[in-house]
Amino acid sequence: MSLQSEEYVTDRLIYLDHAATTPVDPVVLEAMIPYFTTHFGNPSSIYRIGRAALHALDEARDQIASILGASPREIIFTGSGSESDNLAIRGVALAQRQAGRGSHIITSAIEHHAVLHTVEHLQAFGFEATILPVDPKGLVQPEYLRAALRPDTVLVSIMYANNEIGTIQPIAELGAICRERGIPFHTDAVQAPGALPLDVRALNVDLMTIAAHKFYGPKGVGALYVRRGAPLLPQITGGGQERRRRAGTENVPGIVGMATALRLAEERRAHDSAHCARLRDRLVAGILERVPGSRLNGHPTQRLPNNASLSFEGVEGESILLLLDQHGIAASSGSACTSGSLEPSHVLIALARASGTERAPEIAAALPGAVRFTFGRENTDADVDAVLEMLPGIVAQLREMTVTSQGGV
């Protein structure tokens with residue numbers, strides 16, 4: 001098997017990267033099609049096809065709000081999960097500073113870059129930030145948050161479940177700490193729909209981000225829950241859409257698709273979670289048994305049911321992915337948004353630091369190769385068998401190539 005080979009061993013794609021994106025469910029696509037064609041009107045228009053689009057928008061908002069345990073007025077439609085994160089963080093932070101409440105933000109070291117880069121950007125404009133560490137399993141401990149709170153803290157943002165390692169955070173407990181102090185609490189819940197409960201009241205969140213393409217909906221549409229009364233300044237200005245909180249003509253087909261996909265995800269949550277967890281556990285056990293020098297990243301049990309993130313000593317994750325791809329197996333080395341970057345995963349660096357192994361950037365770049373397998377509805381035991389058949393040989397081959405290139409025997 002050559003690294004340069006373009007020949008796939010199989011024509012069938014084994015897709016194990018559902019944390020990156022999911023295929024659109026046929027039921028979702030069917031619900032969307034009329035709003036590209038016969039009901040194409042602008043929902044801000046007063047004539048018949050405009051009113052039909054507005055009615056679809058209202059129905060979708062009602063449906064999403066019902067699943068989240070929210071009021072329809074608390075749902076803002078956006079263009080993506082990243083936009084929702086940006087609106088939540090910038091919108092709250094700027095509103096809070098404008099009201100004279102302070103300029104201190106708290107987040108964690110393993111957040112998606114849509115959160116971390118937004119916080120970094122605000123620091124350039126006078127905000128202060130505390131980046132909470134995680135423990136070796138990727139958890140933000142409640143005492144970390146409690147110790148970091150200050151009188152001028154205006155926002156806390158902690159993700160519900162990590163997109164790279166799958167660790168689920170104690171969001172309800174973290175939210176309760178913020179609620180005691182009257183501090184707005186945001187969670188990036190992009191990985192949660194179809195896997196975890198979404199009731200915003202039970203979770204004690206003031207703002208929550210979701211993105212349709214993570215749960216079998218279309219790309220290019222997201223939503224932000226904002227609790228009534230939470231401070232928020234709009235970040236996209238222009239028209240009066242979304243109650244003047246997010247300007248721009250709404251993506252009606254995408255929003256209809258997102259609402260349909262979220263309904264299906266919630267209806268199938270118990271079944272799909274059990275299915276994916278069984279496949280995940282088979283894969284993890286098989287890899288740990290068959291591949292020496294492999295380890296599971298993240299919490300062993302408090303993790304997303306479909307997520308298996310594993311590291312392999314002595315090899316790069318990207319090299320494993322290339323060889324898996326030659327056998328028709330699609331996986332990931334971490335976040336799809338940074339898969340083209342040569343920088344080491346900030347999530348794995350945070351875990352390494354939590355384990356007491358502080359590393360300079362050049363050492364961190366040599367962290368063991370990580371591969372993320374994330375299952376979906378359509379995956380089968382045969383998919384697990386295929387990975388377990390191919391992966392041990394791939395890792396062994398890459399290790400042998402490394403030794404050879406270093407002049408070893």
Side-chain angles (χ1 to χ4, degrees), residues 17-22 75-94 105-125 127 129-132 134 138 140 154-169 171 174 184-193 196 198 205-215 217-226 230 232-236 245-246 248 251 254 258 304 307 332-341 343-350 372 374:
D17 199 18
H18 291 80
T21 196
T22 54
I75 305 300
I76 302 175
F77 293 125
T78 68
S80 65
S82 291
E83 185 194 332
S84 292
D85 284 343
N86 274 251
L87 174 56
I89 293 166
R90 284 197 178 90
V92 171
L94 293 171
I105 303 168
I106 297 173
T107 188
S108 86
I110 64 169
E111 297 297 309
H112 191 279
H113 281 136
V115 170
L116 288 175
H117 287 172
T118 305
V119 171
E120 290 171 7
H121 186 258
L122 286 172
Q123 287 179 279
F125 291 88
F127 283 86
T130 296
I131 309 298
L132 299 179
V134 293
V140 176
V154 295
L155 174 66
V156 175
S157 180
I158 306 292
M159 70 193 330
Y160 194 173
N162 186 264
N163 52 303
E164 290 193 34
I165 59 173
T167 297
I168 301 168
Q169 301 297 341
I171 289 298
L174 298 172
F185 180 54
H186 166 251
T187 189
D188 178 335
V190 164
Q191 295 292 329
L196 301 172
L198 297 176
V205 298
D206 300 293
L207 304 99
M208 186 167 78
T209 293
I210 61 172
H213 76 108
K214 304 295 188 177
F215 47 91
K219 296 174 180 63
V221 61
L224 177 67
Y225 157 75
V226 181
L232 188 80
L233 284 179
Q235 298 303 296
I236 298 178
R245 297 171 297 184
R246 195 271 190 184
N251 174 5
M258 177 168 60
L304 290 168
N307 181 293
S332 172
S333 59
S335 171
C337 300
T338 56
S339 60
S341 172
E343 294 296 318
S345 163
H346 67 287
V347 175
L348 295 184
I349 290 174
R372 179 188 70 183
T374 45

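Note that the numbering runs from 1 along the sequence shown for the chain.
Here the shortest heavy-atom pairing between M208 and A189 reads CG-CB, 3.5 Å. Between H112 and S82, the shortest heavy-atom distance links the atoms CE1-OG, 4.3 Å. Pairing each heavy atom of K214 with each of A19, the nearest pair is NZ-O, 2.8 Å. Between G81 and A211, the shortest heavy-atom distance links the atoms N-CB, 3.7 Å. Summarising the geometry of I110 relative to G138, their closest heavy-atom pair is CD1-O, 3.4 Å, with the distance given to 0.1 Å. The shortest heavy-atom contact between I76 and R246 is CG2-CB, 3.8 Å.
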Going through the distances and angles, do T167 and N162 end up as a side chain to side chain donor-acceptor pair (under 3.5 Å)? CA-CA 5 Å; T167 297; N162 186 264; over 6 Å; no
From CA spacing to verdict: side chain to side chain contact (heavy atoms under 4.5 Å, CB included), I158, E111: CA-CA 7 Å; I158 306 292; E111 297 297 309; 4.1 Å; yes
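Using a distance-only test at 3.5 Å, with no hydrogens or angles considered, no donor-acceptor pair links the side chain of S80 to the main chain of V221. A donor-acceptor pair under 3.5 Å is formed between the side chain of T187 and the backbone N or O of Y160. At least one donor-acceptor pair closer than 3.5 Å links the side chain of Q235 to the backbone N or O of L233. With hydrogens and angles disregarded, a donor-acceptor distance shorter than 3.5 Å links the side chain of S84 to the backbone of A223.
Atom CZ in F77 sits 10.0 Å away from atom CZ in R245 (nearest 0.5 Å).
Using cut-offs of 30° and 60° for the angle between ring planes, the F125 and H121 rings count as tilted.
In summary, of the residues considered (T107, T209, D206), a side chain to side chain donor-acceptor pair (under 3.5 Å) with H186 occurs for T209 alone.
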